[in-house]
Amino acid sequence: MSATEFSHLVTLAEAGQGRHIAIEADAAARTRIATRLGLVALDRFALTADVRAVAGGIAATGAVEADVVQSCAATDLPVPATLREAFDLRFLREVETGDAADEEIEISGEDCDILPLDGDRIDLGEAAVQTLSLALDPFPRHPDADRILAEKGVLSEEQAGPFAALAQLRSKPDA
């Protein structure tokens, strides 16, 4: 298992006893996570989870909480957000990964939260970072983006779309 920005290992033996975990990333870890995820800043990153042994592996149920700053997709201005993302993961020994890279596979909703168990341990911190990455807005937009773009002469989709010319013709009086 390779080192990650926010590693927190839990073994099968620890999970067998059942365990509550509550940890926060320090400033150095938050900087590394922000760099990995392309964030402007990660001001807070916390993980709470209950882990327990299940048949074939470990179950982890909890949530990640974060105060993030992303760049606006249109203006590059900072877009702050507070996220809370719940997770319910199973780390199992027998997880099929598929043999052929080009092979098309179908997965159900339950399969999406099943991950392979790495020997006798899991990296709950890495799972938390991945959960955060999936919770981020893929196209964050600053509240003033439309106004700023209009001031710079960028047309909105309605103004530049295929029906914009028709709308302009409709508004002109007959000559």
Side-chain angles (χ1 to χ4, degrees), residues 1-98 101 105-145:
M1 185 174 289
S2 61
T4 63
E5 299 83 4
F6 183 61
S7 185
H8 186 81
L9 300 178
V10 178
T11 65
L12 274 170
E14 293 170 323
Q17 304 298 317
R19 190 166 164 211
H20 179 76
I21 297 168
I23 52 176
E24 283 204 36
D26 62 18
R30 289 193 315 268
T31 299
R32 292 189 304 268
I33 295 167
T35 299
R36 174 179 167 187
L37 301 181
L39 300 172
V40 173
L42 180 58
D43 298 324
R44 185 176 66 89
F45 183 63
L47 160 67
T48 56
D50 291 311
V51 294
R52 67 187 188 290
V54 293
I58 298 174
T61 305
V64 294
E65 295 182 8
D67 292 330
V68 303
V69 180
Q70 293 180 269
S71 291
C72 173
T75 64
D76 208 31
L77 291 171
V79 180
T82 298
L83 303 174
R84 183 178 197 293
E85 187 70 19
F87 61 84
D88 187 0
L89 303 172
R90 301 291 180 271
F91 299 85
L92 303 176
R93 282 194 178 106
E94 301 296 324
V95 175
E96 293 181 26
T97 57
I105 60 169
E106 284 190 39
I107 58 174
S108 67
E110 299 93 38
D111 293 335
C112 292
D113 296 335
I114 297 175
L115 302 167
L117 182 65
D118 187 13
D120 70 338
R121 68 187 68 173
I122 64 169
D123 189 343
L124 193 56
E126 173 60 17
V129 172
Q130 291 178 16
T131 298
L132 173 63
S133 73
L134 293 171
L136 293 171
D137 185 345
F139 299 103
R141 194 151 171 103
H142 191 276
D144 293 332

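In this text, all values refer to a predicted model and were calculated from it rather than measured experimentally.
With values rounded to the nearest 0.5 angstrom, Ile23 atom CD1 is found 4.5 Å from Leu47 atom CG. Rounded to the nearest 0.5 angstrom, Arg93 CZ and Asp118 CG are separated by 11.5 Å. Annotation: the span from Arg84 atom CZ to Leu132 atom CG amounts to 13.5 Å, rounded to 0.5 Å. Here the OG atom belonging to Ser71 is positioned 4.5 Å from the CG atom belonging to Asp76, to the nearest 0.5 angstrom. To the nearest 0.5 Å, the span separating CZ on Arg90 from CD1 on Ile58 amounts to 11.5 Å.
Residues Ser7 and Asp123 bring a donor and an acceptor atom of their side chains to less than 3.5 Å of each other.
Closest approach of Val54 and Ala59 over heavy atoms only: CG1-CB, 3.6 Å. Scanning both residues, Arg141 and Ala74, for their nearest heavy atoms gives NH1-CB, 3.2 Å. Here the closest heavy-atom approach between residue Ala46 and residue Glu24 is recorded as CB-CG, 3.6 Å. Across Gly57 and Leu12, no two heavy atoms sit closer than the pair O-CD2, 3.6 Å. Shown here for Ala53 and Gly16, the closest heavy-atom pair between the two residues is CB-CA, 3.8 Å. For the residue pair Phe87 and Ala63, the shortest heavy atom distance occurs at CE2-N, 3.4 Å.
Contact check for Val10 versus Phe91: no side-chain heavy atoms found under the 4.5 Å cut-off. Under the 4.5 Å side-chain criterion, counting only non-hydrogen atoms from C-beta, Val64 is not in contact with Leu83. With contacts defined as side-chain heavy-atom distances shorter than 4.5 Å, the pair Gln70/Leu136 qualifies. For the pair Ile122/Leu9, no side-chain contact is recorded, criterion being any heavy-atom separation below 4.5 Å from C-beta on. Taking 4.5 Å as the limit, every side-chain heavy atom of Val129 sits out of range of all side-chain heavy atoms of Thr4.
Screening Val68, Thr31, Asp67, Thr35 for a side chain to side chain contact (heavy atoms under 4.5 Å, CB included) with Leu42, the sole residue that qualifies is Val68. Just one of Thr48, Asp50, Asp88 meets the side-chain hydrogen bond (donor to acceptor under 3.5 Å, both in side chains) condition when paired with Thr61; it is Asp88.
A salt bridge links Glu65 with Arg44; the closest basic N to acidic carboxylate O contact falls under 4.0 Å. The pair Glu126-Arg121 fails the salt-bridge criterion, with no side-chain N (NZ, NE, NH1 or NH2) lying under 4.0 Å from an Asp/Glu carboxylate O.
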